[in-house]
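Below you'll find the structure, written out as structure tokens, and then a few comments.
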Amino acid sequence: QVQLVESGGGLLQTGGSLRLSCAATGRAFSSNTMAWFRRTPGKEREFVAAINRDDGNTFYRSSVKGRFFISSDGAKNAVYLQMSSLKPEDSALYFCAAGAKAYYSMNPAAWDYWGQGTQVTVSS
């Protein structure tokens, strides 16, 4: 059984930086696609960034381009999201996901595995 565990969330001020981590465990985990989504109260889960761990290709939602950076560590089955120049509108519960056929899949339904989420709150 695959498990994704996020960490690194927190409370910070506008303009700050934060690094989220996601570790994948499970004897069968071999997905080459991993991603970050986020959700705010009353809204649908939205795509943030994704990576193809085999070739390093990445994909971002437009509002985070240039501020967020996704990376992975193959040896640790981990994916990271380095966030900088954070804004109050980035406040959300951030989820790690894995298992989509295409790393650029923005639809949550395309992803097979999910973590429980880590909260990021950016104060103005």
Side-chain angles (χ1 to χ4, degrees):
Q1 184 176 355
V2 173
Q3 286 189 319
L4 303 178
V5 180
E6 304 96 336
S7 62
L11 171 64
L12 66 166
Q13 293 185 329
T14 297
S17 298
L18 203 61
R19 187 192 195 212
L20 305 183
S21 300
C22 172
T25 60
R27 58 183 178 89
F29 185 77
S30 61
S31 174
N32 66 329
T33 58
M34 296 188 77
W36 289 94
F37 284 74
R38 64 189 182 188
R39 187 180 69 207
T40 54
K43 292 189 177 181
E44 297 292 324
R45 197 172 300 195
E46 67 177 19
F47 173 86
V48 176
I51 187 167
N52 181 320
R53 300 195 303 148
D54 287 345
D55 58 22
N57 281 333
T58 58
F59 182 58
Y60 298 89
R61 72 178 298 106
S62 58
S63 63
V64 307
K65 280 182 182 177
R67 300 188 299 121
F68 290 13
F69 177 70
I70 188 171
S71 61
S72 67
D73 182 333
K76 297 180 180 179
N77 275 343
V79 66
Y80 309 97
L81 187 67
Q82 179 67 48
M83 305 184 292
S84 60
S85 301
L86 282 161
K87 307 174 183 179
E89 51 263 43
D90 294 317
S91 297
L93 185 62
Y94 282 73
F95 296 90
C96 176
K101 289 183 173 59
Y103 72 98
Y104 45 81
S105 297
M106 300 180 70
N107 186 347
W111 296 84
D112 294 329
Y113 307 108
W114 292 89
Q116 294 300 306
T118 185
Q119 180 67 40
V120 174
T121 303
V122 184
S123 63
S124 57

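- Tested against F37 for a ring-ring contact (aromatic ring centres under 6.0 Å, His included), the candidates W114, Y94, F95 yield a single pass: W114.
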(request) Given side chain to side chain contact (heavy atoms under 4.5 Å, CB included), test F68 with D90 step by step and report yes or no. (result) CA-CA 11 Å; F68 290 13; D90 294 317; 3.9 Å; yes

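- Counting heavy atoms from C-beta on, the side chains of V48 and L81 come closer than 4.5 Å.
- The neighbour count for Q116 CD, taken as heavy atoms of other residues, nucleotides or ligands under 6.0 Å away, does not exceed 12.
- In this structure, T33 contributes its side chain and A100 its backbone to a donor-acceptor pair below 3.5 Å.
- Distance alone, capped at 3.5 Å, is enough to place a donor-acceptor pair between the S31 side chain and the G99 backbone.
- Side-chain atoms of T14 come within 3.5 Å of backbone N or O of S123 as a donor-acceptor pair.
- Proximity of V120 to L20: side-chain heavy atoms (C-beta onward) are separated by under 4.5 Å at one or more points.
- Here S63 contributes atom OG and K87 contributes atom NZ; the two are 7.5 Å apart, rounded to the nearest 0.5 Å.
- Distance check: T121 OG1 to L11 CG gives 6.0 Å after rounding to the nearest 0.5 Å.
- The pair E46-R39 does not count as a salt bridge, with every side-chain nitrogen at least 4.0 angstrom from each carboxylate oxygen.
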(request) Determine, step by step, whether V5 and T25 satisfy the side chain to side chain contact (heavy atoms under 4.5 Å, CB included) criterion, reporting the C-alpha distance in whole Å, the side-chain angles of both residues, the deciding distance to 0.1 Å, and the verdict. (result) CA-CA 8 Å; V5 180; T25 60; 5.5 Å; no

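- Counting all heavy atoms, side chain and backbone alike, S105 lies closest to A102 at OG-O, 2.8 Å.
- With hydrophobic clusters built from ILVMFWY side chains whose heavy atoms lie under 4.5 angstrom apart, F69 shares a cluster with M83.
- Not a single donor-acceptor pair under 3.5 Å links the side chain of W111 to the backbone N or O of M34.
- Closest non-hydrogen pair, L4 versus C22, comes out as CB-SG, 4.0 Å.
- Contact annotation: the side chain of L12 approaches that of L18 to within less than 4.5 Å [non-hydrogen atoms, C-beta and beyond].
- For F47 and W36, the gap between ring centers reaches or exceeds 6.0 Å.
- L86 approaches R67 most closely through the heavy-atom pair CA-NH1, 3.9 Å.
- Atom CZ of R38 and atom CD of Q119 lie 12.0 Å apart (nearest 0.5 Å).
- In this structure, the side chain of E6 engages the main chain of C96 through a donor-acceptor pair within 3.5 Å.
- For Y104, the OH atom is loosely surrounded, since the number of other residues' heavy atoms within 6.0 Å does not exceed 12.
- Between T118 and S7, the shortest heavy-atom distance links the atoms OG1-C, 4.2 Å.
- Remark: side-chain polar atoms of R19 are not paired, donor with acceptor, to backbone N or O of G8 under 3.5 angstrom.
- Taking CG of N32 as the start and CG of D55 as the end, the distance is 8.0 Å to the nearest 0.5 Å.
- The nearest pair of heavy atoms linking R45 to P108 is O-CG, 3.8 Å.
- The two atoms that bring T40 and A92 nearest to each other are CG2-CB, 3.6 Å, heavy atoms only.
- Of the residues listed (Y80, Y60, Y103), the one engaging I70 in a side chain to side chain contact (heavy atoms under 4.5 Å, CB included) is Y60, and it is the only one.
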(message) Using side chain to side chain contact (heavy atoms under 4.5 Å, CB included), reason through R53 and N77 one step at a time and then give a plain yes or no.
(response) CA-CA 9 Å; R53 300 195 303 148; N77 275 343; 3.2 Å; yes

